[in-house]
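Here's the structure, in structure tokens; my notes come after.
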Amino acid sequence: MRFRQIHLDFHTSEHIPGIGKQFSKQQFQEMLKRGHVDSITIFAKCHHGWAYFPSEVNEQHPNLSFDLLGAQIEAAHEIGVKTPVYLSVGFEEKIARIHPEWLMRDEKDRTNWVDGFMVPGWHQFCLNTPYLDHIIRQTEEVVRKYDADGIFLDIVGVRKCYCPTCLNQLLAEGKDPRDTKSVVELGERVYANYANRIRDAIHAIKPGLPVTQNSGHFPHGRRDLIDVNTHLELESLPTAGWGYDHFPLSARYVQPLGVDFLGMTGKFHKFWGEFGGYKHPNALRYETALSLAHGAHCSIGDHLHPEGLMDPATYDLIGAAYREVEAKEPWCSNTRNIADIALLSVESTGYEDHASAMFTNQFDAGAVRLLLEGKFLFNVVDMDSDFLAYKVIIMPDHVLVNDKLKAKLEAFIAQGGKVLATGKSGMDLEGEQFVLDLGVRRTGDNLYKPDYFRPEFDLPSIGQANFLIQARGQRIELTDGGKVIAKRVDPYFNRDAFKFSGHQHTPFTFDAKDESPGVVESEAGIYIAWNMCEDYAINGSLPVKELIHQSIRRLLPDPTLSTTLPAQGVVTLQHQKEESRLVNHLLYASPVKRGTNVEIIEDIILVHDVKVELHLPGKEITGVYLAPQKTPLAFEQSGNHVKYTVPVLESHQMVVLDLK
């Protein structure tokens, strides 16, 4: 797998003439060179359903007069660029009205993606219908005819479907289609059958050919879904709804699993297929660096013009980022993320209202943002991960505990590990009582929303006060071993139509009887009685952040890394074992909101004199330098501690520590 990939979309209507008429081998190659590209995913079949080569099992685009796919492969291979080949699986719009019985349906018999044929857009096919054999034949033909360097299969994943085929199968099996669990279970079987069949069909022709199945967001806790891929491509376009926190969340789950993966962003201002839309070059510089910092290779999405001419402005833009990636590659291969903290994601524990192709739940999103801003070294884990590899486990807001998880957490705590749990985390599957001994007992739901917390210690920026917390909360009381480190303070009353005070919520009272435990420390760790991560994802409150950060620091008094990098920065520490070195990635850019909730990176602000201290028991450092510049950097080593200062950080800097 190469470092500098392009994903070259080519979804092209039959109503557009002259398909590929301006394609030129020379111009195609010139743009790839200009963009410093070493791999490009090109199209055999698009969402409209057309083939871009002479096909015996599909229809070539009616306005294409030559083998565009073959010409692109030949041009790329001639200059040493690899060519994975794309096939749209979920969509084939040209036959959607011919075979509507093959389309997915919801409970109200509406189609999927767009709910009818009177609005423009795609209609998704059910892979439990004869469409499956249809797409397998198309894929086999491409693998057999072309020297593809991989196969990229798009718009796939586990689905709930109520089409006639699925309903009839459920009824034939004696199951009730009104039972959501039965529908979900059938969706699991349908996807597994598809993924295994198409992978086996590909490898029967070309054993070992790389295959990736794309569903947008890779679901945490679904390690079984990795097996039908040879690598993962984590789709995460920050400006298209994913945001800049999504990729770290995905990557820090995937990297510890040991699977090869790349981070997929786009050159577009916002979303796929945006002709004439461009990011600032600094955005792509940052986004590709973010992939490298998380052990990923890079992919940037583009969309070829229907006439086949590559856009020079796009490849100048991409080249600005990939020129830097090319220089950094030697320090980014075969790395392992070093982490003190395991974020046990809510998604991985089976919480139903979680991720889609673009978004994740607010519990995990808030937790990742809190950890990133605190500059903590962390991985995202599931219930099958090795908890003993970490010092602290964070359970954000809704990690309910079954018997298996209870046993693993108790073993972790018995070995000296600490837990930070918030909201309902640590409770039984009904969310009624704690099954972990966190020094507290649940007495019921909190009656007030919002209310306040008052810590027994100073918060770094604002000292002590009664701080607003707008999240849902639990009422708790102490048990043996629990110590209150922050109190809950009630308001006079909840705000409603006939009983309110002031512009917003009701003030807190000063009556001691209106106080109760809010944050409790015990031998097992710290419990916080509100959905703090959800609150931070929605409201971004400074007191909430500082309470979480102070709590983590109580549980992790000697972290592997600490730094003065500002809040919006990102830090990782990667181990290149084969090279006997550590690589400290420091990134800084500050996205701003433009338009309606579009996160934009444009200005790169220089950050001066970034201090880093590492705690590295048993490791001796023989030298420190900046990469890729190879400039030596002064450092101090005293016992297990190493200190250095990066004079200037411009977007991304790697600091390399050679190990003895």
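For reference, positions follow the sequence shown, starting with 1.
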Quiz item: Parallel under 30°, tilted from 30 to 60°, perpendicular over 60°: which one fits the rings of His641 and His615?
Solution: tilted

Exercise. Could you tell me whether the side chains of Ser385 and Arg223 share a donor-acceptor contact shorter than 3.5 Å?
Key: yes

Quiz item: Can Arg222 and Glu188 be counted as an ion pair, charged N to O under 4.0 angstrom?
Solution: yes

Exercise. Measure up the Phe508 and Phe510 rings against each other and bin them: parallel (under 30°), tilted (30 to 60°), perpendicular (over 60°).
Key: perpendicular

Quiz prompt | Centroid-centroid under 6.0 Å between Tyr527 and Phe434 rings | solution = yes

Quiz prompt | Glu650: salt bridge (Lys or Arg N to Asp or Glu O under 4.0 Å) partners, not counting sequence neighbours | solution = Arg285

Quiz item: Are the side chain of Gln576 and the backbone of Pro330 linked by a donor-acceptor contact shorter than 3.5 Å?
Solution: yes

Exercise. Could you tell me whether a side-chain N or O of Thr572 sits under 3.5 Å from a main-chain N or O of Ala293, the two making a donor and an acceptor?
Key: yes

Contacts under 3.5 angstrom, residues 603-611 side chains, donor-acceptor by atom type, not counting sequence neighbours:
none

Quiz item: Is it true that Asp384 and Lys404 make a salt bridge, defined as a side-chain N closer than 4.0 Å to a carboxylate O?
Solution: yes

Quiz item: Is the backbone N or O of Val399 less than 3.5 Å from a side-chain atom of Ser425, with the two atoms forming a donor-acceptor pair by type?
Solution: yes

Quiz item: Do the side chains of Val440 and Pro517 get nearer than 4.5 Å, heavy atoms only?
Solution: no

Quiz item: Do other residues, nucleotides or ligands put more than 12 heavy atoms under 6.0 Å from the CG atom of Asp480?
Solution: no

Quiz item: Between His505, Arg488, Gln470, which is the residue that forms a side chain to side chain donor-acceptor pair (under 3.5 Å) with Asp451?
Solution: Arg488

Practice problem: Look at atom CD of Gln464 and say whether more than 12 heavy atoms of other residues, nucleotides or ligands are closer to it than 6.0 Å. | Solution: yes

Self-check item: Salt-bridge contact Lys643-Glu636 (side-chain N to carboxylate O under 4.0 Å)
Solution: no

Quiz item: Under 3.5 Å, is there a donor-acceptor pair between the Gln653 and Gln629 side chains?
Solution: yes

Quiz item: Do Pro591 and Gln568 have side chains that get closer than 4.5 Å, going by heavy atoms?
Solution: yes

Practice problem: Indicate the ring-plane relationship of Phe453 and Phe467, choosing parallel, tilted or perpendicular according to the 30° and 60° boundaries. | Solution: tilted

Quiz item: Using the ring of each side chain (for Trp, its six-membered ring), is Phe412 parallel, tilted or perpendicular to Phe387, with breaks at 30° and 60°?
Solution: perpendicular

Quiz item: Taking atom CG of Leu582 and atom NE2 of His585, what is their separation to the nearest 0.5 Å?
Solution: 10.5 Å

Quiz item: Hey, what do you get for NZ (Lys424) to CG (Asn531), rounding to the nearest 0.5 Å?
Solution: 9.0 Å

